[in-house]
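One structure below.
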Amino acid sequence: MTTKQTLRAAFPSAAWFAALQQRMNGETERFKRLGFADSRAIFIVKADAEMQRDRSFGVVFDTYECTEVRELSPADAAAFGHDWKLEGPYGAWKEMIENIRAHGAADADHTLGRLSLLKHPFRLYGDDQMRVDLFYRQQSSFQEYIDGAAAVETTFSP
Amino acid sequence: MGITFPTPKENTERLRRLPQVRRWRDGDYTPGAWLTAPSTEQGGAWGSWGNSVTPGRRGITFMDVNKADKSGVPATGPGLTVDRSGGAAPEQPRYQYQMREKYECWSDNLESLLEEALSRQWYASTDIPWDKLEPLPPDQERALCQFVTFLHVVEFNPTDVIPYWMTRIDPAFSEARLFLATQCADESRHMEVFGKRLFANGGGPGVEPFAHAVMHPVPPHLMAVPQETLKLLQGKGPGYEFLQYNYQTQLLGESLVLDFFRFGEFLGRNPCDKEIFRRVLQDEARHVSYGTMHIKYYLEHAPKAERERALELLHYLAAASEAGGAGYDLLLNPNVIEPFVYLAAGSMDNIEQGWQYAREFWVKVVEEYLGRCERAGFPRWDTCLLPREAPF
């Protein structure tokens, strides 16, 4: 049985992505039903009017779990060996997270697929189209990971 | 009828006269060579022996098994139905499978893709939150049903042709056969889920999207595979034809459909429609990945002359397809693109915004197609005939 606990973290931070990791790893059965998910992802929060500098977070998905979360410097990001990067301005991240918090999961206008399809406000990219395609192949798992934000009391501190 | 069958009594007598049955009836239970023959490594008929695999977090995967298999995947299939590490007596008949070479069906990511496919199967009846389907305005439901009608139709193509290839691949390459079997299951499930969606929310199947519907002026000689391309294929066998299939269906067709599915997720207005498209796009992306990486494997491992001919064929097919003869005409088919635009717009009042989404979609589709061609080993960045910007 999963012990429900209140998760709190500031966004953007490695602690916030780690809170999603904690929630994912505490719900293995849910993720097992979705199937294997294996990706080295970089989530990028781009600077905008509210936030001064870009922040990048490396997240590793392995089988049914999230096995690694860390903030990446530009040098770290280059060496991370990403499959795909998902990048969006701080304001778009904030809106998505607030939407997930309000609805318990992303509504129709705030899913990762919807937000990234036309490259705005989010952009999905990578160096190798086959590795970028991992995002499509395992999208339910990544959406479920991000929907974990519903359980994280988030403070915004750009 | 002309055929006389034995009576049950005669048949029993016939079975009792079989040598092995007579031996057992005489009390001779000595086991056969299956228990006593040495292994293949020792010159016997038994297959491989002494293998063991420790289950990991994913259980036992094909990657684990193949790592443990001392003999590995052969370059040429032996024409047997036994596992590729199995044994066979010298007199055992061999079957002449038409695709006996590994490069004709393999890809470097095949085992992991197969495992992913097996682990990500789903049930259209119960994994879709049908109870969260919400009524749409009649014009929106109609547009969605027309879009889904098109998607329902395109699923027929792979399920119709994949079994043809499966039966021609030497069982030594069982991963390729099994992956194609998962694809058949995927495509069937897509037909199922789209068929159910058509009837689930007050709408129904729409207009046949292909016949007489291609309105753009494509020269007739580009509407089918050109004669020059057919000549390249003549007498080259199923492996070569499978390469052609992998370009036209797996890389081009499936990637286009993948993009349509992704747009379907974009358009979905309730958790049910969102989940349908999210699930189907995951499946489709695997098919694209196999097709792309198989072409790459072929181009890297086929004999040199065959490789060069294959490269020529691929560029020819690509040029013909890009010129509108096969595949990209879907993006200009009114029965496909108009409902798609209408859904994106939400209403006729906002239709220009819908077309703007379609234009952006076009740019992305072409860019990703070119990325996949490059990954497969026949880059077309400088030669692609498709306009980078939508022609509408």
Side-chain angles (χ1 to χ4, degrees), chain A residues 25 28-39 61-67 83-84 99-100 103-147 150, chain B residues 56-59 61 108-109 112-113 115-122 127 134 255 258-259 261-271 273-275 277-279 281-289 292-293 296 344 356-361 363-364 367-376:
Chain A
N25 295 349
T28 308
E29 284 308 313
R30 181 199 291 258
F31 284 87
K32 265 188 179 175
R33 284 200 297 275
L34 298 174
F36 297 156
D38 302 283
S39 272
F61 298 93
D62 182 351
T63 317
Y64 310 118
E65 293 182 349
C66 175
T67 55
D83 292 308
W84 47 267
N99 180 271
I100 291 170
H103 296 93
D107 76 359
D109 290 322
H110 294 87
T111 59
L112 296 178
R114 166 95 189 182
L115 293 171
S116 65
L117 179 75
L118 299 177
K119 300 185 180 181
H120 55 81
F122 281 62
R123 189 164 78 98
L124 175 77
Y125 62 101
D127 304 324
D128 175 344
Q129 186 60 49
M130 285 297 98
R131 295 176 73 179
V132 173
D133 282 353
L134 275 169
F135 175 81
Y136 308 136
R137 279 163 40 192
Q138 303 164 358
Q139 196 174 109
S140 294
S141 302
F142 307 134
Q143 184 64 57
E144 194 70 30
Y145 170 77
I146 288 291
D147 279 348
Chain B
R57 290 202 309 149
R58 299 164 200 246
T61 66
D108 279 332
N109 61 349
S112 58
L113 262 186
E115 287 291 342
E116 186 176 309
L118 293 167
S119 81
R120 296 190 84 87
Q121 293 294 301
W122 50 281
D127 283 331
E134 295 162 3
S255 71
L258 166 63
D259 288 321
F261 288 171
R262 289 172 53 209
F263 210 89
E265 201 273 348
F266 178 91
L267 298 172
R269 300 311 305 159
N270 55 68
D273 287 341
K274 286 278 185 194
E275 189 65 19
F277 284 107
R278 205 176 291 138
R279 294 280 188 162
L281 78 83
Q282 293 185 143
D283 298 340
E284 211 73 0
R286 288 194 300 272
H287 312 160
V288 175
S289 186
T292 306
M293 298 305 279
K296 180 174 188 288
Q356 183 52 35
Y357 283 141
R359 291 180 197 111
E360 292 181 45
F361 179 66
V363 171
K364 193 168 172 61
E367 188 178 279
E368 293 197 352
Y369 160 72
L370 290 172
R372 292 187 184 106
C373 289
E374 179 177 32
R375 193 70 174 87

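Remember, it's a predicted structure, so these values are computed and weren't measured experimentally. We name chains A, B, ... by the order of the sequence lines, and we start the count at 1 in each one.
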Could you tell me which portion of [X] (side chain, backbone, both or neither) has an atom closer than 4.5 angstrom to a non-hydrogen atom of chain A?
X        : answer
B:Glu275 : side chain
B:Ser289 : both
B:Glu115 : both
B:Tyr357 : both
B:Arg262 : both
B:Leu258 : side chain

To the nearest 0.5 Å, what is the distance between CE (A:Met130) and CZ (B:Arg375)?
7.5 Å

Can you measure from CG (A:Asp62) to CZ (B:Arg57) and round to the nearest 0.5 angstrom?
4.5 Å

Tell me, out of [options], who's got the most heavy-atom pairs with chain A below 4.5 Å.
options                      : result
B:Phe361, B:Trp122, B:Phe263 : B:Phe263
B:Lys364, B:Gln121, B:Arg372 : B:Arg372
B:Glu265, B:Arg286, B:Arg58  : B:Arg58

Minimum side-chain heavy-atom gap A:Leu118-B:Phe266 below 4.5 Å
yes

Heavy-atom closest pair, residues [X] and [Y]:
X        : Y        : result
B:Leu281 : A:Gln139 : CD1-NE2, 3.8 Å
A:Ala108 : B:Gly268 : CB-O, 3.5 Å
B:Arg279 : A:Arg33  : NH1-O, 4.4 Å

B:His287, B:Glu116, B:Gln282 screened by side-chain hydrogen bond (donor to acceptor under 3.5 Å, both in side chains) with A:Arg137, the one that passes
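Answer to the side-chain hydrogen bond (donor to acceptor under 3.5 Å, both in side chains) test with A:Arg137 among B:His287, B:Glu116, B:Gln282: B:Glu116.
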
Test log, rule side-chain contact (heavy atoms from CB on, under 4.5 Å), inputs B:Glu360 and A:His120
CA-CA 10 Å; B:Glu360 292 181 45; A:His120 55 81; 2.6 Å; yes

Segment of [X] engaging chain B (4.5 angstrom heavy-atom cut-off):
X        : result
A:Asp133 : both
A:Asp38  : side chain
A:Ala37  : both
A:Ser116 : backbone

Main chain of A:Phe36, side chain of B:Arg120: is a donor-acceptor contact present, judged purely on distance under 3.5 Å?
yes

Side chains of B:Arg278 and A:Ser140, donor plus acceptor under 3.5 Å
no

